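Written out below as structure tokens is the structure these notes cover.
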Protein chains: 2
Amino acid sequence: MSDTGVDMAKVTLQSVADEVGVSRMTVSNAFSRPDQLSKDLRERILATAERLGYSGPDPAARALARGRTGSVGLLLNGPLSEAFEDDVSAEFVAAVADELTRRGLALTVLTPPQDDGFLPARDVAVDGALVYTCDPDSAGVVWLGRRKLPVVAVDQDLGSDVTTIGVDDVSGARAGAQHLLDLGHRRIGVLALTEQYALDPPNRDRLLGWRETLAASGVEPVVARTTLLPRSAALEAATELLESSDVTAVLCFDDVFARAVITAAAALGRSVPGDLSVVGYDDSRVATAGVPALTTVRQDVTTKGHLAAGALADLLGGRAASSHTLPTELVVRDSTGPVPAP
Amino acid sequence: MSDTGVDMAKVTLQSVADEVGVSRMTVSNAFSRPDQLSKDLRERILATAERLGYSGPDPAARALARGRTGSVGLLLNGPLSEAFEDDVSAEFVAAVADELTRRGLALTVLTPPQDDGFLPARDVAVDGALVYTCDPDSAGVVWLGRRKLPVVAVDQDLGSDVTTIGVDDVSGARAGAQHLLDLGHRRIGVLALTEQYALDPPNRDRLLGWRETLAASGVEPVVARTTLLPRSAALEAATELLESSDVTAVLCFDDVFARAVITAAAALGRSVPGDLSVVGYDDSRVATAGVPALTTVRQDVTTKGHLAAGALADLLGGRAASSHTLPTELVVRDSTGPVPAP
DNA sequence: TACAAGTTCTGTACCGGTCAAGAAACCAGG
DNA sequence: CCTGGTTTCTTGACCGGTACAGAACTTGTA
């Protein structure tokens, strides 16, 4: 009966089964559980399927029947541009995707809702999700909770019952601050994220670490705040910080901000590290890409991504997943030096 | 009967319906088509659902019943690291995700297969896919075809029946080459991707544009090849190019390579643009981030992403989608200058 | 030779929704 | 009071598979 091969009507498991003359279940097994039928019959079924233009079990139907989709969500806050255009986030996403693939899972980006009634965190089929520095009260996080999906939190706290992968930012920040103190700096500036990120753990913890350590030496930092985007914002904030205060060193939320401070300093005729010391954070690409190479606090973002993806995969596989706090390490390069002579 | 609110047994549409005393379909409408029932009843249903801990229709089941998942795939080649850690790709992905969200769609990254039998392009439920510079013969592309999914090709050719969003790289490359010729350069080097990317349209077209234009003036370029990763590869290739030839200018596949050439030149005691002219491509962040600012060929990656996502969304919505070839524009900055005196 | 232990394949019961058409109640106009 | 158009809710079929418990045949083995 079957003719051309590429057909007009929809080709389903059933149609292949009818054509071969076996039960639907057997065809299903031919695709999904090869050990359940004879090699001979299986090949016959696969050949017929090929001829009929059947491309294998429909993923959506399979997802419903099996109860899992083969894809996990990644919940990000803010505009995607922030996540993808930032070196550190991008590296994290890449690491997550790599590890997930290795575990047999795809990655679905659960974008924050925009205009209409479509809310990925509520409406897209995923087996679980990674929550990356999101507001715990945001719609996305709340819906994932309602759906009772397995979740792994990254760089944030979602409660003690949620597996969490984090970085010891407080220690990292402390090390950076102590480094400046050791070099003799006492008038120290800080370039952090705006209040809007007050609860964002990285921002909060780094600020905390700096403040604690500086306070222990009786230093009260001059705090300037800015946003990740637009990129020009950091430069403006840095310029203002340098113009309005007489700090001899600046601790920055990340390496990009550190570069902005260096650029701003240069524009004001001050050189780094001669006239001003600058400490970055992350040890991302830009830390070593420019001149001078940045003194910064290194965190292993790729490992963070691997661990997070692995933990979620474990959870989905019914295995236990443990939380981790990754260490940080001060890397001293060329952007910091002793206090300039008065 | 219902007690605590958070229940043990699975809560389905049916259980909510039973509790309220209406048909299952009515509950479905309460969530998916509010205009199909009285406001009063709808509120009662929603309240009951809330109390029972029902978080709305199951996405997987809905996907099967409706025939669409609400998510589209993005097929990338090579390791994800290449896609996400490259500024240009990252910007593209961000633009795609932004536009998709606006259109009520989520984005699923269809990673290339690794070890086991899991192949996202075949096994993950999506409504359509974006194919971004992939080998047309790769498993991923082939499976998307078998599944007869709506597809939009980006920066590559998948046949005339496939909607394609591309960039006029040939013209862009021509402009870059002509610029060097106009400055008087005759010994010109080229830093392209390795043969493995021979069929990659951007690489192919840029090479073509350079060659054509240079040939028209009787110039045969010195071709060096390298890979995107590891990043150090470009620096090595650039160094070798400069050491083994006496080119006075180099045309680069992208801005990152251009920076590598400049760094290599500096290490060899040659300054840009005094001793050597360098032309980048893309006008990405690194083009203006360092010194000197790069003369480069600008392409609008964000628009490319918006167009691609929009075209796919149109296709899924049953609308026609048209192909586009985006223009390029030579941006002359500080990395090119006249031929140095002999 | 006969019984426990594989293989192979089949039946039936879901998975949790949505669609399209129909029935019941409601309302206005003639 | 009857007719036709709405609004509101229900009915049955279907989306395209998978899980699990047998049934029918082979085998190994005592």
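Residue numbers begin at 1 in each chain, while the letters A, B, ... track the order of the sequences. If you're wondering where the values come from, they're calculated on a predicted model, not measured in any experiment.
- One atom, CZ of A:Arg66, and another, P of C:dG16, lie 16 Å apart when rounded to the nearest Å.
- Between the CG atom of B:Asp127 and the C1' atom of D:dC15 there is a distance of 14 Å, given to the nearest Å.
- One finds a salt bridge joining B:Lys304 and B:Asp155 here, because a Lys/Arg side-chain nitrogen approaches an Asp/Glu carboxylate oxygen to under 4.0 Å.
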Distances under 3.5 Å between nitrogen or oxygen atoms of protein and nucleotides 22-25 of chain D:
none

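- B:Thr101 and A:Thr111 share a donor-acceptor pair across their side chains, judged by distance under 3.5 Å alone.
- Counting any heavy atom pair closer than 4.0 Å across all strands shown, B:Phe31 reaches no nucleic acid atom.
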- Message: If you apply the rule side-chain contact (heavy atoms from CB on, under 4.5 Å), what do you find for B:Leu315 with B:Thr163, and how did you get there?
- Response: CA-CA 9 Å; B:Leu315 239 36; B:Thr163 301; 4.2 Å; yes
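- With rounding to whole Å, A:Asp18 atom CG is found 14 Å from C:dT10 atom C1'.
- For C:dC19, the OP1/OP2 oxygens have a side-chain nitrogen or oxygen of B:Arg33 closer than 4.0 Å.
- Rounded to the nearest 0.5 angstrom, B:Ser89 OG and B:Asp86 CG are separated by 4.0 Å.
- Using the six-membered ring where Trp is involved, A:Phe84 and B:Phe84 have ring planes that are parallel, under 30° apart on the 30 and 60° scheme.
- Ion pairing of A:Asp314 with A:Arg103 is present here, as a side-chain N (NZ or NE/NH1/NH2) and a carboxylate O approach within less than 4.0 Å.
- Side chain of A:Arg62 to main chain of A:Pro57: no donor-acceptor pair is present (N/O by atom type, distance under 3.5 Å, no hydrogens or angles).
- Across the protein-nucleic acid pair, B:Gln14 atom CD and C:dG17 atom P stand 10 Å apart, rounded to whole Å.
- The nearest whole Å value for the distance from the CZ atom in A:Arg62 to the P atom in D:dC15 is 19 Å.
- Whole-Å rounding puts the B:Arg68 CZ to C:dC19 P distance at 7 Å.
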For nucleotides 9-12 of chain D, list the nitrogen or oxygen atoms of the protein found under 3.5 Å from its nitrogen or oxygen atoms, one pair per line.
residue	atom	partner	partner atom	Å
D:dC9	OP2	B:Ser38	N	2.9
D:dT10	OP2	B:Ser23	N	2.9
D:dT10	OP2	B:Ser23	OG	3.2
D:dT10	OP2	B:Thr26	OG1	2.6

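- The distance between atom CG of A:Leu64 and atom C1' of C:dC15, rounded to the nearest whole Å, is 4 Å.
- Nearest heavy-atom pair, B:Pro59 versus A:Asp123, reported as atom, atom and distance to 0.1 Å: CB-O, 3.5 Å.
- Whole-Å rounding puts the A:Leu13 CG to D:dC14 P distance at 18 Å.
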- Task: Please test A:Thr108 against B:Thr108 for side-chain hydrogen bond (donor to acceptor under 3.5 Å, both in side chains), starting from the C-alpha separation and ending with a verdict.
- Result: CA-CA 4 Å; A:Thr108 296; B:Thr108 297; 2.8 Å; yes
